[in-house]
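To keep things clear, I will list the structure first and then write my remarks on it.
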Amino acid sequence: MGKHSLQRESRLPNSVKGALVMGAVAATTGAMPAVPAMAATINIPGIGGFDVPVPQEFEQPVQQLNQQLQQALAAPQASAQQAPLAAPQFPNFQMPNLFEQQSSPGDIALDAAKSKVGAMYSWGAAGPSTFDCSGLVKWAYRQAGIELPRTSFEQSHVGAPVAFQDLQPGDIVVTNGGGHVGLYAGDGKLLNAVQSGQPVSYTPLRPDMVVTARRIVD
């Protein structure tokens with residue numbers, strides 16, 4: 001029987017085959033054949049780029065790796081921009097205005113008296129539709145939660161004394177020798193129930209008319 005050489009298909013990968021061939025060449029010639037290679041840059045976020053010499057056949061995988069790194073880095077930033085943190089909501093809550101000036105009893109009393117401009121004078125009346133001078137002052141301050149005595153003489157002793165040049169709207173001003181009283185309205189005017197037959201109105205106020213001026217504070 002003649003001799004036949006038995007050939008089997010090699011199952012080694014091409015890369016291993018290439019290495020065997022290169023090894024055989026090196027064994028016979030004493031030199032390693034050159035492998036084409038080029039530098040590829042690998043970018044590592046937060047560290048920097050590195051030029052690594054790799055064979056030309058790996059250039060495309062390195063580029064893909066760089067793209068994947070950049071996409072992975074950009075994804076959290078995009079998510080943060082698309083979904084910003086919402087400010088907490090507090091329903092039915094209103095921040096108080098800490099700088100808003102609070103109304104004094106005099107301010108409230110003056111505003112109340114202004115609402116009665118035009119109401120007729122009536123001796124001994126203290127509102128709500130007719131007034132005498134001290135009755136108007138008493139009624140106005142009651143709207144501010146302050147109870148004053150009934151007569152102009154008694155009202156001339158309440159609160160703290162105030163000089164004419166320091167008068168503020170709402171201060172109590174006693175005139176006519178202590179027999180008349182009204183509320184200072186600012187701009188040199190007195191808001192008062194003047195006399196019988198005249199309505200509540202504004203009248204001029206001069207320093208020489210004032211017996212005393214009083215200020216009510218909380």
Side-chain angles (χ1 to χ4, degrees), residues 79-218:
S79 299
Q81 293 176 356
Q82 294 175 1
L85 293 177
Q89 301 296 321
F90 300 96
N92 301 324
F93 175 79
Q94 184 175 1
M95 178 67 71
N97 186 354
L98 301 180
F99 301 99
E100 182 178 0
Q101 185 176 2
Q102 300 297 320
S103 297
S104 68
D107 294 329
I108 299 173
L110 180 60
D111 287 341
K114 288 178 178 179
S115 70
K116 296 302 179 180
V117 170
M120 293 306 298
Y121 180 96
S122 177
W123 187 84
S129 58
T130 59
F131 304 88
D132 65 8
C133 64
S134 58
L136 176 64
V137 173
K138 179 177 177 62
W139 178 87
Y141 266 93
R142 181 179 292 166
Q143 311 315 305
I146 305 294
E147 283 295 335
L148 296 181
R150 178 63 181 86
T151 67
S152 60
F153 176 78
E154 293 172 316
Q155 291 173 3
S156 68
H157 295 86
V158 299
V162 182
F164 182 84
Q165 64 270 20
D166 296 327
L167 283 173
Q168 294 180 3
D171 286 342
I172 298 171
V173 180
V174 179
T175 65
N176 196 25
H180 186 71
V181 66
L183 296 178
Y184 184 64
D187 298 326
K189 296 180 180 180
L190 188 69
L191 178 56
N192 56 138
V194 185
Q195 61 184 10
S196 181
Q198 295 186 14
V200 173
S201 59
Y202 298 92
T203 57
L205 180 67
R206 303 186 308 272
D208 61 314
M209 299 169 58
V210 177
V211 175
T212 184
R214 316 295 293 187
R215 179 169 300 159
I216 306 297
V217 295
D218 290 335

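One-based numbering along the sequence shown. What you see is a predicted model; the values in this text were computed from it and never measured.
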Lys189 and Asp187: salt bridge (Lys or Arg N to Asp or Glu O under 4.0 Å), yes or no, with the steps? CA-CA 6 Å; Lys189 296 180 180 180; Asp187 298 326; over 6 Å; no
Measure from the side-chain N and O atoms of Asn192 to the backbone N and O of Ser201, and report whether any donor-acceptor pair falls under 3.5 Å. yes
Nearest heavy-atom contact between Gly179 and Cys133 is O-SG, 4.2 Å
With side-chain contact (heavy atoms from CB on, under 4.5 Å) as the criterion, how do Leu205 and Leu167 come out once you've worked through the C-alpha distance, each side chain's angles and the decisive distance to 0.1 Å? CA-CA 11 Å; Leu205 180 67; Leu167 283 173; 4.2 Å; yes
With side-chain contact (heavy atoms from CB on, under 4.5 Å) as the test, would you mind laying out the steps for Lys114 and Tyr202 before giving the verdict? CA-CA 9 Å; Lys114 288 178 178 179; Tyr202 298 92; 3.4 Å; yes
Would you say CG of Asp166 has more than 12 non-hydrogen atoms from neighbouring residues, nucleotides or ligands within 6.0 angstrom? yes
Contacts of Pro149 that satisfy side-chain contact (heavy atoms from CB on, under 4.5 Å) - sequence neighbours left out: Glu154, Gln155, Val158
Are Asp132 and Arg150 close enough for a salt bridge, meaning some N to O gap below 4.0 Å? yes
Does the pair Val173 and Val181 meet the rule for a side-chain contact (heavy atoms from CB on, under 4.5 Å), with working shown? CA-CA 6 Å; Val173 180; Val181 66; over 6 Å; no
Kindly state each residue pair satisfying ring pair (Phe, Tyr, Trp, His ring centres under 6.0 Å) with at least one member in residues 119-149, sequence neighbours excluded. Phe131-Trp139
Show every donor-acceptor pair shorter than 3.5 Å between a side-chain atom in residues 193-200 and any protein atom, with sequence neighbours excluded, or say none if there are none.
none

Judged by atom type as modelled, is there a donor-acceptor pair below 3.5 Å linking the side chain of Asp111 to the main-chain atoms of Ile108? no
Determine the minimum heavy-atom distance between Ala109 and Ala140, stating which atoms define it. O-CB, 3.3 Å
